[in-house]
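Here the structure comes first, spelled out in structure tokens, and everything after it is commentary.
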Amino acid sequence: MFITLEGPEGCGKTSHIPPLVEFLRGKGYVVFPTREPGGTSISEQIRDILHDLKNVEMHPRAETLLYQAARAQIVEQVIKPRLAAGEIVISDRYYDSTIAYQGYGHRQDLEQVRGLVRYATGGLTPDLTILLDLDVEVGLRRKKQNQSEWNRMDDHEVEFYKRVRAGYLEMVKAEPERWVVVNAERKWDDVQAELKKVIVDRLVKG
Ligand code: TMP
């Protein structure tokens, strides 16, 4: 089972993954958490280039391709072998982030971006994708308050993130069987409880 978590800045997905992993391990599942961009030595090096605030001149097409290079590496080196071994892989972002940020956010041609994503992943699609959805301004405020890493991708104007969120919601509409939307504006404990329920339900249903 391949599960991905998606959402705009400040949605809290990174803080939700470790307790989810512990919970599933407690139920006897073998679970492997990972993140994008990153998760392998090569992909982490590419992450550094993508996030570096000094790379202000990066063109959206260069950005799109770098995300795909990082992704191709983690898919082949980590995700496919783990899934083949019967493990649950939970990824903090996957290709839907490219469609949301580079496609909708940067307004790159969606069909071309989808083609690049298919090439990078070799067609590997998640079994379940959870959108941690929240108002863009609430998310950006949270992100600033948390004093977490502030990187080049956090530095766009608010309209960019509004397009990202709208893009996610369109993707949910287009593929409702893969996506589950969780309201991330609630208390952390309530969000965590719903995430556990959504994942367990899907594991039971198969
Ligand atoms: P995060 O570690 O806070 O999730 O930050 C990753 C940033 O990278 C976030 O702003 C979303 C962005 N991103 C893309 O723009 N495209 C992608 O394909 C991925 C995986 C991430």
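As the structure lists them, so they are numbered: ligands from 1, and atoms in each ligand from 1. Just so you know, these numbers use all the heavy atoms, side chains as well, and skip hydrogens, waters and symmetry mates.
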[atom] [closest protein heavy-atom partner, distance rounded to 0.1 Å]:
{"atom": "atom 12 (C) of ligand 1", "result": "Tyr67 OH, 3.2 Å"}
{"atom": "atom 18 (O) of ligand 1", "result": "Thr98 OG1, 2.6 Å"}
{"atom": "atom 16 (N) of ligand 1", "result": "Gln102 OE1, 2.8 Å"}
{"atom": "atom 7 (C) of ligand 1", "result": "His51 NE2, 3.8 Å"}
{"atom": "atom 1 (P) of ligand 1", "result": "Arg93 NE, 3.9 Å"}

Quiz item: What do you reckon, does Glu36 have a nitrogen or oxygen under 3.5 Å from a nitrogen or oxygen of ligand 1?
Solution: no
Practice problem: Heavy-atom contacts with Lys13 under 4.0 Å: which atoms of ligand 1 show up? List them by number with element. | Solution: 4 (O)
Practice problem: List every atom of ligand 1 that sits less than 4.0 Å from any heavy atom of Arg71, numbering the atoms from 1 in the order shown and giving each element. | Solution: 17 (C), 18 (O), 20 (C)
Please determine whether a side-chain nitrogen of the Lys or Arg among [X] and [Y] lies less than 4.0 Å from a carboxylate oxygen of the Asp or Glu.
{"X": "Lys197", "Y": "Glu194", "result": "no"}
{"X": "Glu170", "Y": "Arg163", "result": "no"}
{"X": "Lys187", "Y": "Asp189", "result": "no"}
{"X": "Arg142", "Y": "Glu9", "result": "no"}
{"X": "Lys80", "Y": "Glu76", "result": "yes"}
{"X": "Arg25", "Y": "Glu22", "result": "yes"}

Quiz item: Is the closest side-chain heavy-atom distance between Arg35 and Glu44 below 4.5 Å?
Solution: yes
For ligand 1, does [X] get within less than 4.0 Å through its side chain, its backbone, both, or neither, judged by non-hydrogen atoms?
{"X": "His156", "result": "neither"}
{"X": "Glu9", "result": "side chain"}
{"X": "Gln68", "result": "neither"}
{"X": "Arg35", "result": "neither"}

Exercise. Could you tell me whether ligand 1 has any atom less than 4.0 Å away from a heavy atom of Arg47?
Key: yes
Quiz item: Hey, is Lys143 one of the residues with a heavy atom under 4.0 angstrom from ligand 1?
Solution: yes
Practice problem: Kindly say whether the aromatic ring centers of Tyr67 and Tyr101 come within a distance under 6.0 Å. | Solution: no
Quiz item: Just checking, is any N or O donor in the side chain of Glu6 or Thr129 under 3.5 Å from an acceptor N or O on the other one?
Solution: no
